[in-house]
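If you read the sequence from its start, that first residue is 1, and numbering goes on from there.
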Amino acid sequence: DVLVVEREREFALHATGRSAAALVSLDRNATIQHLKVMGGKFLKAPPEGFSDQPVLQKTGVLMLSDKRLLAATMRAATQLEEQGVVLQRLNPNEAQRVHPALQSSELEAAIFTPNDGTIHVPRLLASYRHHASRAGVEFCRELEVSGILRRGERCAGVRTARGEIG
């Protein structure tokens, strides 16, 4: 049995910050980048029937690098290419053509990932919730958990102001 408890009136009310709503594959931390690439594969091509509409709008992402971060950025770009992510390496002039408002005084290079973009978080969460409900997951809203009920080493339920669940 699976129970999802949300303290707020709406599910994932606080999950729509800027970073939560963007697929930015390039990351100078190799482990994080690998996770982003794996998640990006799902967002770019969700399983058949996951959502009626796309959950990712491919707007492209331009990552900038100054001299201090250049080597790490280029290593990350090489790793992205090895993982099959389409990208373009741009010099400062090329980056300005992509985004004319850029000031290139500190810019050494840029990486453009054309298939990254904006995640439609409400659509993504609605699809997760729909499929989880169909699989028997129970959802509770406006409920604060005050404790965990255990059976041995396993979670057997939760304690709330409305009583125990599980």
Side-chain angles (χ1 to χ4, degrees), residues 1-66 68-69 72-73 75-87 110-166:
D1 294 343
V2 176
L3 171 68
V4 175
V5 179
E6 174 61 68
R7 183 178 180 183
E8 305 291 341
R9 183 177 308 153
E10 298 300 322
F11 287 102
L13 183 65
H14 302 289
T16 57
R18 283 183 187 233
S19 63
L23 172 61
V24 180
S25 296
L26 190 130
D27 197 293
R28 292 175 193 98
N29 178 306
T31 302
I32 300 297
Q33 180 169 282
H34 181 69
L35 292 171
K36 289 179 173 187
V37 170
M38 290 183 352
K41 288 178 182 178
F42 176 87
L43 294 169
K44 292 170 188 174
E48 183 71 31
F50 177 73
S51 178
D52 312 5
Q53 299 174 331
V55 294
L56 177 70
Q57 180 182 0
K58 295 178 184 177
T59 58
V61 171
L62 185 65
M63 294 290 289
L64 309 176
S65 182
D66 60 12
R68 184 178 53 89
L69 296 173
T73 301
R75 271 193 307 276
T78 298
Q79 291 167 348
L80 270 185
E81 289 172 319
E82 290 168 356
Q83 292 177 301
V85 174
V86 174
L87 62 85
I111 305 297
F112 181 64
T113 48
N115 296 320
D116 285 355
T118 305
I119 301 167
H120 194 289
V121 175
R123 189 176 297 149
L124 178 66
L125 294 177
S127 294
Y128 280 145
R129 186 160 178 235
H130 169 75
H131 292 286
S133 293
R134 289 183 61 204
V137 173
E138 183 182 346
F139 292 87
C140 296
R141 293 182 302 189
E142 296 184 86
L143 188 62
E144 187 172 342
V145 173
S146 59
I148 305 291
L149 305 176
R150 292 186 191 195
R151 233 178 251 124
E153 293 297 313
R154 295 181 50 92
C155 174
V158 293
R159 186 174 299 107
T160 74
R162 294 184 216 156
E164 294 182 353
I165 301 173

Item to check | For Ala30, side chain to side chain contact (heavy atoms under 4.5 Å, CB included) partners two or more places apart | outcome: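 Partners of Ala30 under the side chain to side chain contact (heavy atoms under 4.5 Å, CB included) test: Gln79.
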
Checklist entry - Which residues satisfy the side chain to side chain contact (heavy atoms under 4.5 Å, CB included) test with Arg7, sequence neighbours excluded? => result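 Expected list: Glu144.
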
Work out which heavy atom in [X] is nearest to a heavy atom in [Y]; give both atom names and the distance.
X	Y	answer
Ala110	Leu64	CB-CD2, 3.9 Å
Val145	Gly147	CG1-O, 3.4 Å
Ala76	Arg28	CB-CA, 4.3 Å
Ala77	Ile111	CB-CD1, 3.8 Å

Item to check | Residue list, side chain to side chain donor-acceptor pair (under 3.5 Å) with Asn115, at least two apart or on another chain | outcome: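 In terms of side chain to side chain donor-acceptor pair (under 3.5 Å), with neighbours along the sequence ignored, Asn115 is linked to no residue.
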
Checklist entry - Considering residues at least two apart in sequence or located in another chain, which fulfil the side chain to side chain donor-acceptor pair (under 3.5 Å) criterion with Glu138? => result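 Side chain to side chain donor-acceptor pair (under 3.5 Å) list for Glu138, sorted by chain: empty.
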
If we only count heavy atoms from C-beta on, is the [X] to [Y] side-chain gap below 4.5 Å?
X	Y	value
Thr73	Met63	no
Thr118	Leu56	no
Val4	Cys140	no

Checklist entry - Among Gln33, Lys36, His34, which residue meets the side chain to side chain donor-acceptor pair (under 3.5 Å) test with Asp27? => result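 For Asp27, the side chain to side chain donor-acceptor pair (under 3.5 Å) test succeeds with only one of Gln33, Lys36, His34, which is Lys36.
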
Residues 41-52 side chain polar contacts: donor-acceptor under 3.5 Å, at least two apart:
from	atom 1	to	atom 2	distance (Å)
Ser51	OG	Gln53	N	3.4
Ser51	OG	Gln53	O	2.8
Ser51	OG	Ser127	OG	3.4

Going from [atom1] on [X] to [atom2] on [Y], what distance comes out if it is rounded to the nearest 0.5 angstrom?
X	Y	atom1	atom2	value
His120	Leu125	NE2	CG	10.5 Å
Asp116	Leu62	CG	CG	11.5 Å
Arg129	Phe139	CZ	CZ	5.5 Å

Checklist entry - Yes or no on side-chain contact (heavy atoms from CB on, under 4.5 Å) for Leu3 and Val137, after CA distance, side-chain angles and deciding distance? => result CA-CA 6 Å; Leu3 171 68; Val137 173; over 6 Å; no

Identify each donor-acceptor pair in which a side-chain atom of residues 149-166 lies under 3.5 Å from a protein atom, sequence neighbours left out, and give them as a table.
from	atom 1	to	atom 2	distance (Å)
Thr160	OG1	Arg162	N	3.1
Thr160	OG1	Gly163	N	3.3
Thr160	OG1	Gly163	O	2.7
Arg162	NH2	Arg141	O	3.3
Arg162	NH2	Glu142	O	2.5

Checklist entry - Okay, side chain of Glu8, backbone of Glu10: is any donor-acceptor separation there less than 3.5 Å? => result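 Judged by distance alone, no pair lies under 3.5 Å.
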
